[in-house]
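Since the structure is predicted, the reported quantities are computational estimates derived from the model, not experimental observations. Protein chains get the first letters and strands the later ones, always in sequence-line order, with residue 1 at the start of each.
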Amino acid sequence: MKVKDYASTAGIEVFSPVSHTLFNPADIIQKNGGKPPLTYQSFLKLAGQPLWASSPLPVSLSSLPPVGDVGYFEISEVPTVEELGYKGYGQEELSPFRGGESEALKKLRESISDKEWVANFEKPKGDPSAYLKPATTVLSPYLKFGCLSSRYFYQCLTDVYQNVKKHTSPPVSLVGQLLWRDFFYTVAFGTPNFDRMKGNRICKQIPWSNDDELLAAWREARTGYPWIDAIMVQLRKWGWMHHLARHCVACFLTRGDMFVHWEKGRDVFDRLLIDSDWAINNGNWLWLSCSSFFYQYNRIYSPVSFGKKYDPNGNYIRHFLPVLKDMPKEYIYEPWTAPLTIQTRAKCIIGRDYPAPVVSHDSASKECKRKLGEAYALNQKLNGQVSEDGLKNLRRKFEGEENQESGRRQKQKTLTGWLKDH
DNA sequence: CACCTAGTTGGGAAC
DNA sequence: AGTTCCCAACTAGGT
């Protein structure tokens, strides 16, 4: 199919009529003076409405290329799972998600058929422990492989929004999720060495440890923290887990507990996720490791309480870690605290049937915070980001706000507390 | 009905 | 899109 034919059929601009993304990253970067926007909000402002979105969806294409017409390349056989290096996987180990465009469109229609659900969608409010019916659309693998067009998805969502009274907005809405995807594509496209720490101007330089033992325990789902290990089993078996579940394990590997380099975790996700996408995967590892975009390194996901608040009974853990299925719910998130009689009754002795924790979250997370604090201070010094004058300005601004608010507030915030929010 | 106590909930601040 | 601690406010039930 010729680009011009498609464009005239679709009634859209001749430039980039077909694309993997909603916007052209180069356009956004150009609008921003040559540098990619580094916050979602600034990205939204630059992006605006996509030009093609006001046109009706193309209902048919004038022509399709003959099967096998791929220009200079020969079509080769689709490699088998074994040929791709995934040996020893039984049928029950395979992802429950089927591939292909038909499946993608079926899933899309199912997802948008509940208009109220679409209108009220708010990420990250979904339940990461929901596995019978995931809290999100699970359309990411189809977007990644091009089985589903992000532009078509966008227009379908716009149609739903037009037929409801009110709907959520970016960043939390469903359209907001597509925009997150374009945000990461744009930054990734415009940032040299985006996929590594060294030579990457937006990445904090942090002296991550090189502990292969800890990395292996994380990768192989034997950290001793059932919430973490269950997520890693879901990753291995399904190739997909909920957004917040990914947050928990990424935080645990890097800045939360193990202090292992985010590039190592990135490689594992890249290999095992069925939706792994270079820009989005690297972007999220930069985010979760507090290397870029997000810098609140004190906010650490608890490997115990985070999952518990969604799934107090531990059903998710019981499903993905059957060895713990008879552990009483009082101990299932911290089985090493269960008395031996309970462990015996649950047929799960810690240290024999299921590992003891490889790190103590309490001390490990404190140590991580300390190291991040040091690394941040060093980065600041090296980059000269906060000069003496800059600090004075911040102090003046803080005192100004404090005076304005002191009338209606009894307690005073400290300067350090305030600085963290600004 | 006043008063007490234990337990729960919600918001703010520190880390 | 963090967790924990603390305290005020509130509830339920008992005396």
In whole angstrom, give the distance that lies between atom [atom1] of [X] and atom [atom2] of [N].
{"X": "A:Lys369", "N": "C:dG2", "atom1": "NZ", "atom2": "P", "result": "13 Å"}
{"X": "A:Lys309", "N": "B:dT8", "atom1": "NZ", "atom2": "P", "result": "19 Å"}
{"X": "A:Phe294", "N": "C:dA1", "atom1": "CZ", "atom2": "C1'", "result": "7 Å"}
{"X": "A:Trp227", "N": "C:dT3", "atom1": "CH2", "atom2": "C1'", "result": "16 Å"}
{"X": "A:Gln177", "N": "C:dA1", "atom1": "CD", "atom2": "C1'", "result": "10 Å"}
{"X": "A:Phe252", "N": "C:dG2", "atom1": "CZ", "atom2": "P", "result": "18 Å"}
{"X": "A:Glu334", "N": "C:dT3", "atom1": "CD", "atom2": "C1'", "result": "14 Å"}
{"X": "A:Arg246", "N": "C:dA1", "atom1": "CZ", "atom2": "C1'", "result": "14 Å"}

Please tell me which of the listed nucleotides, C:dT4, B:dC15, C:dA1, lies nearest to the side chain of A:Asn298? B:dC15
Listed nucleotide nearest any side-chain atom of A:His247, set C:dT3, C:dA1, C:dG2: C:dA1
Quick one: is C:dT4 close enough that its OP1 or OP2 comes under 4.0 Å of any side-chain N or O from A:Ser305? yes
If C:dA1 has a Watson-Crick or G-U wobble mate with both distances under 3.5 Å, name it; if not, just say none. none
Sugar-phosphate, base or nothing in reach of A:Lys308, heavy atoms under 4.0 Å: nothing
Measure up the A:Tyr40 and A:Trp180 rings against each other and bin them: parallel (under 30°), tilted (30 to 60°), perpendicular (over 60°). parallel
Lys/Arg cation over aromatic A:Tyr142: A:Lys107, 6.0 Å, 45° cone: no
Spell out, as yes or no, whether a donor-acceptor pair under 3.5 Å connects the side chain of A:Lys115 to the backbone of A:Val160. no
Compare every heavy atom of A:Ile332 with every heavy atom of A:Met327, then report the nearest pair and how far apart it is. CG-CA, 3.9 Å
